[in-house]
Amino acid sequence: MQTFSPYAILNRKRRGDDLAPEEIAGFIDGFTAGRIPDYQMSALLMAIAIQGLSAEETRALTAVMIESGEQWNLRSRFDFIADKHSTGGVGDKVSIVLAPWVASCGVKNGMLSGRGLGHTGGTLDKLESIPGFRARLSRQEFEKCIDDVGCVIATSTEGIAPADRKLYALRDVTGTVESIPLITASIMSKKLALGPSALLLDVKAGSGAFMRTLDDARALARSLIAAAKDSGTRVSAMITNMDQPLGTACGNVSEVLESLDVLRGAGPDDVRELTRAQAAAILEMSGRFDRESANEALDDSLASGRAFDQAMRWFAAQGVDPDVFHHPDRLPIPTTVIEVQAPRSGVIASMDAYAMGMLGVEIGIGRRQQDDEVDPAASILFDRKTGDEARAGEAIARIALGKIAKDPAALRAAYLAAIRITDNPPERKTLIYDRLDDTED
């Protein structure tokens, strides 16, 4: 019987050799149990970041991370249950709109979501900005919410993929966060441990995404889909544009309010268009709708008010008094609002979504480290976006401050440095670049 040797495995992966599933399992199990020290796990993470993993190795890594904790297998509990995941962006509140909208059409969905880190916002931070919202649910409470109102968004429990939490803490300090195989295993271990019937992935590409180029976003989408092979979960991915913030609000409570506007049949065009496409995709994946009937159901749900009513029932099921939305004074309120004026007349040719996200971190929308607190009242409101005309001296944005005081002149300068105003309108970019499915080769 061959002796398990972390040293030999490290040398082989450093050279670019493929590792056997049992070698990957032995290494991850040993690290999770404390038998393999941080310095050896860090070395393997760096070797993976440099040399990569094959599709088979990535599936093996994902599998051992799933097996490190609980496996809920929700598709055995519900006749059909969908999940949705975004790789993260600026102003991305699609999940908050999508969950009740899909549920109002009779398709159950449940998501384990996360908090923001760096320039990307976190769905849970946004939801927890509403007084009373409970994100930490037990498995029983999670399933009861689906039974009662058809949807739920909660934080991952400690029992789901504990190996991922321990690995991510090392990735965060060793410069190995942006490795496609490691991103894949991190995302899919949690999603497949949940065991949904279908999973829709929103893979962002652009200045405000982890994957800056379309090629990298496609590579990540294919890797995520491949990791689910033979899992029993059907996976589809949309590659979407994150070259500018999504919607007209970037913040926590402000994004929830914008989401509710969309569910009333209003709200920004880009949020409505992207959410509709993803909601329709999930309805189709359920097998109960084709494209035409899916869009008809979504239209009817908005027009009848069912989508908004469903959102109110969902918020109530997770601890919110829906009456709070009729009393703005009961929600987090900014202490200061700073206008940003256009320095010249012209057309906004581009917005650096990453820079906007980091400006959000500066005022408390997001966090630099996982234990930082966020400010629910802080927000950036975009009065003009890419392609819009601006006149010299008119307000093109508002920066709302909550608990954190900042120099208004510095904030204005940072905002203006993140946009470009020209005389000619930019070429319009599509919102959805591509869709990949697990039935494709």
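Throughout, residue positions are numbered sequentially from 1 according to the sequence presented.
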### Message
I'd like to know if Arg165 and Glu158 make a salt bridge, using a cut-off of under 4.0 Å between side-chain N and carboxylate O.
### Response
no

### Ionic contact status for Asp202 with Lys204, cut-off 4.0 Å
yes

### Counterpart residues, side chain to side chain donor-acceptor pair (under 3.5 Å), relative to Asp388 (two or more places apart)
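Side chain to side chain donor-acceptor pair (under 3.5 Å) check on Asp388 returns nothing, list empty.
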
### Query
Partners of Arg77 by side chain to side chain donor-acceptor pair (under 3.5 Å), sequence neighbours excluded?
Glu143, Asp147

### Check: Thr233 side chain, Pro196 main-chain N or O, donor-acceptor pair, under 3.5 Å
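Looks like yes, one N/O pair under 3.5 Å.
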
Using the salt bridge (Lys or Arg N to Asp or Glu O under 4.0 Å) rule, collect all pairs that involve [range], keeping only residues at least two apart or in two chains.
| range | answer |
| --- | --- |
| residues 212-230 | Arg218-Asp434 |
| residues 30-43 | none |
| residues 47-57 | Lys13-Glu57, Glu56-Arg59 |

### Query
Does NZ or CZ of Lys108 come closer than 6.0 Å to the centre of the six-membered ring of Phe80, within 45° of the ring's axis?
no

### Task
Kindly compute the distance separating NZ (Lys385) from CD1 (Ile348), expressed to the nearest 0.5 Å.
10.0 Å

### Query
Among pairs that include at least one residue of residues 35-73, which meet ring pair (Phe, Tyr, Trp, His ring centres under 6.0 Å), considering only residues two or more places apart or in two chains?
Trp72-Phe142

### Any donor-acceptor N or O pair under 3.5 Å, side chains Ser197, Arg234
no

### Message
Please tell me whether Gln244 and Ser350 have a donor and an acceptor in their side chains that are separated by less than 3.5 angstrom.
### Response
no

### Query
Taking the side chain as C-beta and beyond, is there a heavy-atom pair between Arg398 and Asp383 under 4.5 Å?
yes

